Amino acid sequence: MAVITLTINDELVSGRSGQSLLEVIRDHDIPLPTLCHLEGLSERGGCRLCMVDTGRRVVAACVTEAAEGMVVRTDTTQLQAYRCMLLELMFAERNHVCAVCVMNGRCELQAVAARVGMDHVRYDYLVPDLPMDATHERFVMDHNRCILCTRCVRVCDEVEGAHTWDVSGRGLNSFITADLGTPWGFSQSCTSCGKCVQVCPTGALHDKGMSVAEMEKRHDFLGWILGGRNDNEWDW
Amino acid sequence: MNRQDLKEMAQKERQRQEGFRCRLLCCASTPCLAVGAGEVMDTLKQTAAEKGWAAAVEAVSTGCMGPCSRGPLVRVQQTGRPDVLYERVTPELAGDIVANHVKKNAPLEENNLPLDLPFFIKQRKIVLENSGLIDQESLAAYVAVGGYAALAKVLREMTPQEVCDEIAASGLRGRGGAGYPTGLKWQLVRKAPAGQKYVIANCDEGDPGAYMDRTLVESDPHRLLEAMAIAGYAVGANQGFIFVRGGYEGADKRLQQLERVIREAERHGLLGGRVLDSSFSFRIDIRLGAGAFVCGEETALMLSIMGRRAQPVPRPPYPAESGLWGRPTLINNVETFGNIVPIIRDGAANYAGIGTDKSKGTKVFAMTGRVNIAGLIEVPMGISLREIVHDIGGGIPQERPFKAIQTGGPSGGCIPAAHIDTVVDYEAMRGLGSMIGSGGLIVMDDQTCMVDLAKFFMAFCADESCGKCVPCRAGTVQLLRLLERITNGSGTARDLSLLEELCGLVKDTSLCGLGQAAPNPVLSTLRFFREEYEAHLFDGERRCPAGLCKMDQVPIIELKNVLPLQIQTREKVA
């Protein structure tokens with residue numbers, strides 16, 4: 001693939017044609033927060049944290065193709081302010097109480113907020129009345145902690161192939177739903193593989209029996225499975 | 001059916017129509033039906049039948065005549081005499097109209113709406129040239145006014161490239177709001193690799209109060225079908241979809257009507273296989289949405305047609321490259337299609353002669369609000385807003401002062417009285433922070449509160465947000481809350497600055513046009529009516545200049561002053 005050269009934060013960097021801006025940025029270890037992006041899953045472009053400034057306009061790096069000669073900034077004051085505001089909106093949208101959460105200390109939402117320096121929320125906390133679904137024998141879905149990143153939807157559809165999770169409702173009433181609105185424990189498509197739990201960035205999806213700050217997640221399995229599929233490693 | 005058959009059908013229908021001494025055209029478009037046009041139509045028919053005048057008089061159900069706020073409307077055509085238009089027709093009056101015109105050969109004195117009013121003569125009908133003048137459902141009536149001749153010309157005399165060039169030369173730009181050059185879009189789809197391609201007519205029309213596209217489809221449906229077939233020939237598609245918004249009240253009858261019209265065209269060889277005896281085939285099907293404003297966005301619309309969750313996806317790739325089922329797709333607004341037949345028939349140069357340098361042709365507006373005659377109008381680009389409000393609209397009722405005009409619906413902005421001489425032009429209006437949009441036009445007087453208006457549109461956007469991206473999903477809700485505080489008396493200067501800052505975020509970082517344009521009504525009213533926002537503030541004058549908002553709440557920080565005395569003393573006891 002053709003090599004391309006572009007400028008990021010005043011530095012000339014090289015990439016390959018066909019790469020997204022985010023891939024080039026990550027290849028060069030330039031800091032850029034993301035949440036709905038997960039290596040191995042399709043790009044969504046929904047959280048808008050990875051917005052970068054191309055001079056003419058602001059674009060989401062994960063869904064923008066890197067092109068020869070682009071001049072990109074990831075660190076303008078405007079972008080920093082926007083990232084803070086986006087996180088404030090997320091924290092105010094649902095009920096994120098770190099103090100009682102199984103993912104306290106390992107949560108990606110927490111980590112991103114800390115990294116961009118969001119330490120208070122200036123918008124009204126909406127405090128929606130959201131349920132928990134503990135019907136599954138091994139896992140729990142707490143909608144209060146969900147940020148609608150749809151990593152669970154994508155991993156279940158693209159990697160496991162069951163498509164148990166999808167989104168119902170619209171706008172603020174969007175809701176991660178199993179099958180056609182079934183309690184998770186009664187889902188007919190769920191294979192209990194647990195991939196959704198491992199890729200969920202917050203404490204929304206977690207193992208049963210976890211207490212505060214006890215949940216640990218790893219999503220390196222994505223690399224193994226997808227790499228293996230790609231290279232045709234399995235003949236059974 | 002071929003060109004010769006078309007000519008014969010046209011002639012036969014014209015002769016049939018001329019055989020009547022008197023034709024009573026009754027507007028049966030939705031706004032008129034809502035005020036009783038159905039009963040009026042029945043009375044016209046019954047009266048003619050009872051008196052034995054069925055051979056001399058024809059009662060015809062037509063589409064929209066324009067002055068919707070004056071409905072029900074009846075237009076009488078008589079041989080050798082000018083047409084007469086009656087407004088606010090009741091069934092009783094309808095009986096009198098028939099009697100007078102047939103027996104006395106003279107119009108009635110009352111309920112006349114003169115056809116030489118500025119409302120009519122300042123308009124320029126191109127898209128709606130047949131609307132209100134022909135039977136809505138009759139193929140013969142459409143053919144009699146030249147229908148399907150443009151399609152015949154295209155199939156026999158022009159190559160697909162030439163058709164695209166003609167549309168490009170006309171300067172036609174997308175009428176859905178974005179104003180993208182139509183000819184260029186057709187070219188892009190035409191140049192896409194050959195194979196299965198699609199044509200989509202976007203009839204989602206989600207703006208509150210907008211009914212231009214609906215009216216065209218109700219009043220002159222064959223015009224849309226003919227244009228889609230021409231487009232299909234031009235880009236190499238053999239399948240078209242008309243995407244209609246779900247959730248229209250009482251739309252079943254209309255959809256059945258559209259279905260009947262399509263099937264009748266097919267039966268006559270004007271659609272379907274071997275159109276007009278040529279080797280070109282084009283099939284049109286209707287697809288219904290489920291009532292979401294976001295389906296007006298083209299990628300969401302296509303997902304909806306494919307039966308999936310309607311959420312926009314980032315572009316590129318654009319539909320011209322990869323649309324329905326990954327195939328090259330041409331998607332245009334219904335009104336854009338409404339311009340195609342006149343361009344082919346009369347030539348691109350003719351069309352380009354109307355309008356301004358960059359905005360050619362005409363625009364259909366749904367003019368509502370504080371005007372003396374509200375309804376559907378079609379004006380040449382380049383006409384001033386002053387002419388629209390004061391001449392066509394007839395001015396503001398009770399001679400109240402004109403305050404502003406809102407265009408572009410929830411994605412648009414307000415143009416204040418100071419700029420009333422602005423002309424209808426894509427760039428001119430964008431320069432003022434508004435846009436032509438899809439055609440919604442709300443005229444406001446001094447009794448309208450601009451902050452309340454911004455709040456109304458923000459509530460709409462927050463409700464219609466698809467939920468995919470954070471700024472639109474959560475941002476519009478927070479913007480709404482801030483606007484609610486400002487309009488209920490508890491807003492502070494800090495809320496105003498938070499409002500402005502959040503508008504910037506939503507506008508710059510939203511994934512699709514819904515979110516990107518949602519702050520426009522707020523930003524536009526802040527630009528021209530900032531003092532009105534400031535007047536509402538708790539730490540300002542705490543009043544609504546228009547006298548509309550109920551200012552009865554206090555900011556939360558002020559609650560300590562209104563807490564009951566009992567709780568305050570408990571602190572001292574402890």
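Please read all numbers here as calculations on a predicted model, not as lab measurements. Below, chain A is the first sequence line, B the second, and so on; all start at residue 1.
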Please determine, among A:Val58, A:Asn173, A:Val63, A:Val167, the option with the most heavy-atom pairs under 4.5 Å with chain B.
-> A:Val167

Would you mind telling me which of A:Arg44, A:Glu43, A:Met90, A:Glu65 has the largest number of heavy-atom pairs within less than 4.5 Å of chain B?
-> A:Arg44

Side chain, backbone, both or neither of [X] within contact of chain A (heavy atoms, under 4.5 Å):
X	answer
B:Gln311	side chain
B:Pro314	side chain
B:Arg485	side chain

Heavy-atom proximity to chain B below 4.5 Å, by part of [X]:
X	value
A:Thr150	neither
A:Arg57	neither
A:Val59	neither
A:Leu49	neither

In terms of heavy-atom pairs under 4.5 Å with chain A, the winner among B:Val470, B:Val313, B:Val294 is B:Val470

Separation between CG of A:Leu148 and SG of B:Cys469, rounded to the nearest 0.5 Å = 11.5 Å

[X] versus [Y], closest heavy-atom pair with distance:
X	Y	result
B:Leu511	A:Gly45	CD1-O, 3.0 Å
A:Ser174	B:Gly467	OG-CA, 3.9 Å
A:Met51	B:Thr509	CE-CA, 3.6 Å

Report yes if the side chains of [X] and [Y] come closer than 4.5 Å at any heavy-atom pair, otherwise no.
X	Y	result
B:Leu502	A:Leu89	yes
B:Arg473	A:Glu93	yes
B:Asp463	A:Arg170	yes

Neighbourhood of chain B inside [range], taking heavy atoms under 4.5 Å as contact:
range	value
residues 120-130 of chain A	A:Arg122, A:Tyr123, A:Asp124, A:Leu126
residues 98-115 of chain A	none
residues 74-86 of chain A	A:Gln78, A:Tyr82, A:Met85, A:Leu86

Under a 4.5 Å heavy-atom criterion, the part of residues 303-310 of chain B in contact with chain A comprises B:Arg309

Heavy atoms of other groups near [X] [atom1], more than 12 under 6.0 Å:
X	atom1	answer
A:Glu39	CD	no
B:Arg542	CZ	yes
B:Tyr180	OH	yes

Are any side-chain N or O atoms of A:Arg48 and backbone N or O atoms of B:Ser510, one a donor and one an acceptor, separated by less than 3.5 Å?
-> yes

